[in-house]
Structure formats: structure tokens, C-alpha cells
Amino acid sequence: MGIIIKTPSEIDKMRVAGRLAANVLEMIEPHVVPGVTTNELNQICHDYIVDVQHAIPAPLNYHGFPKSICTSINQQICHGIPSDKKLKSGDIVNIDITVIKDDYHGDTSKMFCVGEVSPHAKRLVKITQEALYRGIEQVKHGATLGDIGHAIQKFAESNRYSVVREFCGHGIGQKFHEEPQVLHYGKAGEGIALEAGMIITIEPMLNLGKRHVKVLADGWTAVTKDRSLSAQWEHTILVTDHGHEILTLRQEEM
Ligand code: MF3
Ligand code: CO
Ligand code: CO
């Protein structure tokens with residue numbers, strides 16, 4: 001199918017979907033506290049997306065995924081399945097929200113620190129967010145995918161973290177995952193050039209230990225092979241002539 005350049009009216013719909021996804025992360029924040037289960041967070045997000053936003057939670061039944069959001073705790077890298085396990089003080093958890101509104105997807109995630117979190121976990125969370133921003137800074141018409149990957153990898157590794165390679169960002173639109181694949185490592189100037197009207201996600205996963213991944217027996221949950229902590233942040237981004245527009249920006253980032 002190739003990379004889809006979005007029309008102005010599609011871009012308008014992507015702005016709406018992106019804003020809704022960001023709003024879910026803002027809504028859920030006060031609920032992410034010690035003692036809450038990730039199933040409870042899943043239910044609150046599901047009801048908000050369906051009843052308040054009149055949108056669709058994209059993960060639910062996506063290739064058989066059983067829940068409406070992904071919740072990835074501590075050594076879990078991504079695609080964690082909400083469960084009846086309670087969050088506890090000291091946990092770090094990624095909540096990944098994807099909504100479909102008017103046929104278009106918005107995809108975003110952030111890390112939450114539960115209660116009192118250790119300095120080394122906080123640093124991983126902070127550096128991973130900065131790595132996302134370093135990648136986003138590269139996005140403009142004419143830059144390459146390798147520019148994005150290189151900026152992220154260089155920043156992550158200079159901070160002594162490793163970059164997960166098995167999962168990547170992606171084009172997004174009427175489909176959850178479109179071309180191209182957006183790698184979070186690479187060489188500047190390599191790969192295809194970005195064009196105004198492309199919409200991609202950037203969603204780096206950084207590990208405190210080695211980069212290697214293992215997928216649990218549930219078929220979804222990716223964890224670090226060495227069980228070290230992992231963090232991820234994600235935005236949906238429109239490529240423009242002179243830069244980019246972050247479609248999933250939250251109030252706290254403005
Ligand atoms: N939201 C994830 C992403 O950023 C994909 C989740 S797929 C699911 O691409 F099936 F696990 F929900
Ligand atoms: Co994504
Ligand atoms: Co996502």
C-alpha cells in the first residue's frame with residue numbers, strides 16, 4: 001500500500017483523534033495510585049473513550065488483544081495486559097492509549113510514577129521522555145527516518161541506556177499500523193525521506209540493562225530479557241513543510 005500522505009481533511013480528523021487520545025492520558029492520571037489495579041484503569045479508560053468521547057478503544061480485539069489499553073509495569077517493555085494485580089508505590093507504569101474517532105487513529109503513551117519512585121527509575125523515565133523529544137525534533141519535510149532513529153539512539157546510549165529494537169513507531173491513519181516503520185536506532189541520513197502530510201508515531205523504549213526482549217506466554221507482554229526496568233513514551237506526529245505538529249500533545253507539555 002505504501003506510505004499514505006494525508007489530505008487536509010484527513011489531517012483534521014487525525015487532530016481530533018490525537019487530542020482525544022491525549023485527553024485519556026490526562027483523565028487517567030489521578031487514578032494511577034498505589035492499590036489501583038490495571039484492570040480498574042482499563043475499565044475507567046474504556047468507559048471514558050466509549051461513553052464520553054464516543055470513540056473506539058483500538059487495542060480491544062486488535063489481533064486478539066483482550067483489553068482496551070496497554071499497561072506495562074517496571075520490566076515490562078510494552079503491550080502489557082491489564083490485570084487484577086495492584087500497582088504499588090515504587091512502580092513505573094506505561095499507559096498506552098489508542099482511540100479511533102471518525103475512522104482515524106490517535107496513539108500516545110506516557111510513563112506514570114506510582115507513589116515514591118527510586119531515583120534510578122525516575123532518571124530512566126525522564127531520559128526516555130527526552131529521547132522521544134530528541135526524535136521529534138528531527139521531524140520535518142526532507143529529513144529521513146534514520147535522522148530520527150539516530151537522534152534517539154545517540155541520546156539514549158550516551159545516557160548508558162539501551163534501545164529496544166524489536167518494536168518501532170509506525171505510520172498511522174485509518175489503520176492503527178501503517179507504513180513506514182519508524183526505528184528508534186539508525187544512522188543519520190539513511191532511510192526514506194519524510195514528506196509533509198505523513199503522520200507517524202515515535203515511541204522509543206529504553207532499558208536500564210541490555211536491549212533484549214522476551215515475550216511472555218500470554219503472547220503479548222514484552223519484558224526485558226534481563227528483567228531490568230524499561231520505559232516508553234509515544235506521540236503521534238504530523239510532518240509539515242517546516243517541521244512538525246504533535247497531534248497528541250498534553251496540557252502539561254504546552
Ligand atoms: N499502542 C501500541 C502502539 O503504540 C500498539 C498496541 S497493539 C495492542 O503501536 F494490540 F497491544 F493493543
Ligand atoms: Co504506536
Ligand atoms: Co501506542
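Numbering of ligands and ligand atoms starts at 1, following listing order. Nothing here was measured: the structure is a model prediction, and the numbers come from that model. Only this structure's heavy atoms are used, side chains among them; waters, hydrogens and symmetry mates stay out.
Among the atoms of His170, an N, O or S atom falls under 2.8 Å of the Co ion (ligand 2).
For the 3.5 Å distance criterion, the side chains of His235 and Glu253 qualify, holding a donor opposite an acceptor. A side-chain donor-acceptor contact under 3.5 Å links Asp107 and Thr98. Side-chain contact check for Gln138 and His244: no donor-acceptor pair (N or O, by modelled atom type) lies under 3.5 Å. Donor-acceptor pairing under 3.5 Å is recorded for the side chains of Asn207 and Ser230. Under 3.5 Å, the side chains of Asn159 and Arg123 contain a donor-acceptor pair of N or O atoms. For the residue pair Tyr161 and Glu157, no side-chain donor N or O sits within less than 3.5 Å of a side-chain acceptor on the partner.
Around ligand 1, the residues contributing at least one heavy atom under 4.0 Å from the ligand are Pro59, Tyr62, Phe65, Cys70, His79, Asp96, Thr98, Asp107, His170, Phe176, His177, Glu203, Trp220, Glu234.
You'll find the ring centres of His31 and Tyr48 outside the 6.0 Å limit.
Leu238 belongs to a hydrophobic cluster whose other members, connected by ILVMFWY side-chain contacts under 4.5 Å either directly or through intermediates, are Ile11, Met14, Tyr104, Ile172, Ile199, Leu247. Applying the 4.5 Å side-chain rule to ILVMFWY residues, one finds Ile81, Trp220 in the same cluster as Phe65.
With salt bridges taken as basic N to acidic carboxylate O contacts below 4.0 Å, one links Glu130 and Arg134.
Excluding waters, the set of protein N/O/S atoms under 2.8 Å from the Co ion (ligand 3) reads Asp96 OD1, Asp96 OD2, Asp107 OD1, Glu234 OE1.
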